[in-house]
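See structure below.
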Number of protein chains: 2
Amino acid sequence: MIQPDTVTSVMRALADPTRRAVFERIVQSDEITVVELTRGSSVTQGAISQHLKALKQAGLVCERPEGRKVYYRAEPRGLEPLADWMSHYGAFWRDRFADLRQLLKDIDP
Amino acid sequence: MIQPDTVTSVMRALADPTRRAVFERIVQSDEITVVELTRGSSVTQGAISQHLKALKQAGLVCERPEGRKVYYRAEPRGLEPLADWMSHYGAFWRDRFADLRQLLKDIDP
DNA sequence: CAAAAACAATAGTATTCACTAATGAATTAG
DNA sequence: CTAATTCATTAGTGAATACTATTGTTTTTG
């Protein structure tokens with residue numbers, strides 16, 4: 001179940017430092033289990049599972065069950081909503097400052 | 001006063017839909033006052049001011065008082081922490097966003 | 001000077017959130 | 001089969017959050 005407002009869900013998922021650290025560790029590791037994620041983290045295994053659920057609902061992570069373990073992996077297209085949002089407003093700035101530079105150039109040759 | 005963990009503060013500031021809408025409207029407008037922001041928004045003027053305070057503390061926005069009005073405008077380097085984070089952990093879009101990150105750094109006066 | 005306008009700040013409230021502790025379900029090991 | 005391992009889920013709790021309503025401050029207007 002993917003959230004309707006994807007930008008909001010992705011940003012909210014990554015806004016929490018603990019949850020973002022979990023995501024970063026998943027990205028760095030190709031595949032990683034919950035126990036491995038719990039080790040080296042300051043929170044409980046239940047908290048890790050809750051963060052994984054949030055990341056999964058945001059489309060940032062996917063899971064691969066194997067036996068009693070569940071391997072987590074970063075979803076490549078997960079950051080795309082955030083990338084689109086940034087490229088949109090980054091482009092806004094680029095155009096604005098391009099115009100400003102041109103304006104200053106015209107005023108003070 | 002800028003927050004210590006800039007990535008967290010920027011993401012947290014933009015995670016809320018109402019506050020992000022305020023920021024987007026500031027970006028689209030070159031300069032805009034609080035009453036103008038309140039018009040067209042579903043929340044109170046006090047709520048807008050609180051969101052502006054959060055955006056300012058995150059380094060996303062700056063203010064220019066003039067008489068009894070206060071004009072708000074987007075801070076060009078505000079999105080840089082987010083761009084840096086994305087270029088690092090979004091390996092998938094690294095090439096795509098290398099240009100944007102460099103652009104945001106070049107814009108800095 | 002008095003009224004209005006623009007904005008910030010505060011107190012209060014309802015909701016959400018991140019976490020722990022405990023339990024449950026499923027799989028593997030001895 | 002029994003015990004242990006892995007993970008998800010739930011209830012409960014304290015803290016944070018987004019909002020309204022109100023008040024206060026500064027500046028403009030009539």
Side-chain angles (χ1 to χ4, degrees), chain A residues 1 3-5 7-26 29 31-75, chain B residues 1 3-26 29-58 60-74:
Chain A
M1 172 184 49
Q3 299 289 110
D5 191 336
V7 179
T8 298
S9 57
V10 169
M11 282 197 179
R12 282 193 74 272
L14 296 173
D16 181 69
T18 305
R19 188 163 45 230
R20 191 171 67 251
V22 169
F23 175 73
E24 293 172 359
R25 216 167 142 204
I26 294 177
S29 313
E31 271 191 336
I32 190 168
T33 63
V34 181
V35 271
E36 292 179 280
L37 284 171
T38 304
R39 293 197 173 280
S41 177
S42 58
V43 296
T44 311
Q45 174 264 323
I48 296 291
S49 280
Q50 290 172 2
H51 286 312
L52 290 171
K53 184 180 182 181
L55 291 170
K56 186 172 59 179
Q57 287 181 350
L60 288 165
V61 151
C62 61
E63 57 190 356
R64 182 178 67 85
E66 182 176 305
R68 62 182 166 183
K69 296 181 182 177
V70 176
Y71 290 90
Y72 279 87
R73 175 167 32 110
E75 188 72 51
Chain B
M1 170 185 51
Q3 298 290 111
D5 191 336
T6 56
V7 179
T8 298
S9 58
V10 168
M11 282 198 180
R12 280 193 22 69
L14 296 173
D16 181 69
T18 305
R19 188 162 46 230
R20 191 171 68 252
V22 169
F23 175 73
E24 293 173 358
R25 208 159 150 213
I26 294 176
S29 312
D30 188 48
E31 272 191 335
I32 191 169
T33 63
V34 181
V35 271
E36 293 179 279
L37 284 171
T38 305
R39 294 193 175 280
S41 178
S42 58
V43 296
T44 311
Q45 174 263 322
I48 296 290
S49 279
Q50 289 172 5
H51 286 311
L52 290 171
K53 184 180 180 181
L55 291 171
K56 186 172 59 179
Q57 287 180 350
L60 289 166
V61 152
C62 62
E63 57 190 356
R64 182 178 66 85
E66 182 175 304
R68 61 182 166 184
K69 297 180 181 178
V70 176
Y71 290 91
Y72 280 87
R73 66 178 185 274

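Note that the structure is a prediction, hence the values are computed from the model and not measured. Residue numbers begin at 1 in each chain, while the letters A, B, ... track the order of the sequences.
Listed for the B:Arg19 side chain is a donor-acceptor partner under 3.5 Å among the backbone atoms of B:Ala13. Not a single donor-acceptor pair under 3.5 Å links the side chain of A:Arg73 to the backbone N or O of A:Arg64.
Rounded to the nearest 0.5 Å, atoms CD1 (A:Ile26) and NE2 (A:His51) are 11.0 Å apart. How far CZ of B:Phe23 is from CG of B:Leu55: 7.0 Å, rounded to the nearest 0.5 Å.
Using a 4.0 Å heavy-atom criterion, one finds that A:Gly67 contacts the sugar-phosphate atoms exclusively. Residue-level contact check: B:Thr44 touches the backbone only, with heavy atoms under 4.0 Å from sugar-phosphate atoms and none from bases.
Under 4.0 angstrom from either OP1 or OP2 of C:dA9 there lies no side-chain N or O belonging to B:Ser49. Put simply, A:Thr18 has a side-chain N or O that comes within less than 4.0 Å of OP1 or OP2 on C:dC19.
Computed from coordinates, the B:Lys69 NZ to C:dA8 P distance equals 14 Å when rounded to whole Å. In this structure, the OH atom of B:Tyr72 is 11 Å from the C1' atom of C:dA6, given to the nearest Å. Taking atom NZ of residue A:Lys53 and atom C1' of nucleotide C:dC19, one finds them 15 Å apart after rounding to whole Å. In this entry the distance linking CD1 of B:Ile32 with C1' of C:dA6 reads 14 Å, nearest Å. B:Lys56 places its NZ atom 9 Å from the C1' atom of C:dA8, with the value rounded to the nearest Å. Between B:Arg68 atom CZ and C:dA3 atom P the separation is 16 Å, expressed in whole Å. If you measure from atom NE2 of B:His51 to atom P of C:dA8, you get 13 Å, rounded to the nearest angstrom. In this structure, B:Ile48 places its CD1 atom 11 Å from P of C:dA8, rounding to the nearest Å.
Contact of B:Gln50 with C:dT10 (side chain to base): a donor-acceptor pair of N or O atoms is detected under 3.5 Å.
Of the candidate nucleotides D:dA8, C:dA9, D:dC19, D:dA8 has the atom nearest to the side chain of A:Glu63.
Toward the 5′ end of DNA chain C lies the nearest nucleotide of B:Thr33, the other residue of the pair B:Thr33 and A:Asp16 mapping further downstream. Each of B:Ser42 and A:Leu52 lies near DNA chain D, and the nucleotide nearest A:Leu52 is the one positioned closer to the 5' end.
Between A:Val61 and A:Val22, every side-chain heavy-atom pair lies at or beyond the 4.5 Å cut-off.
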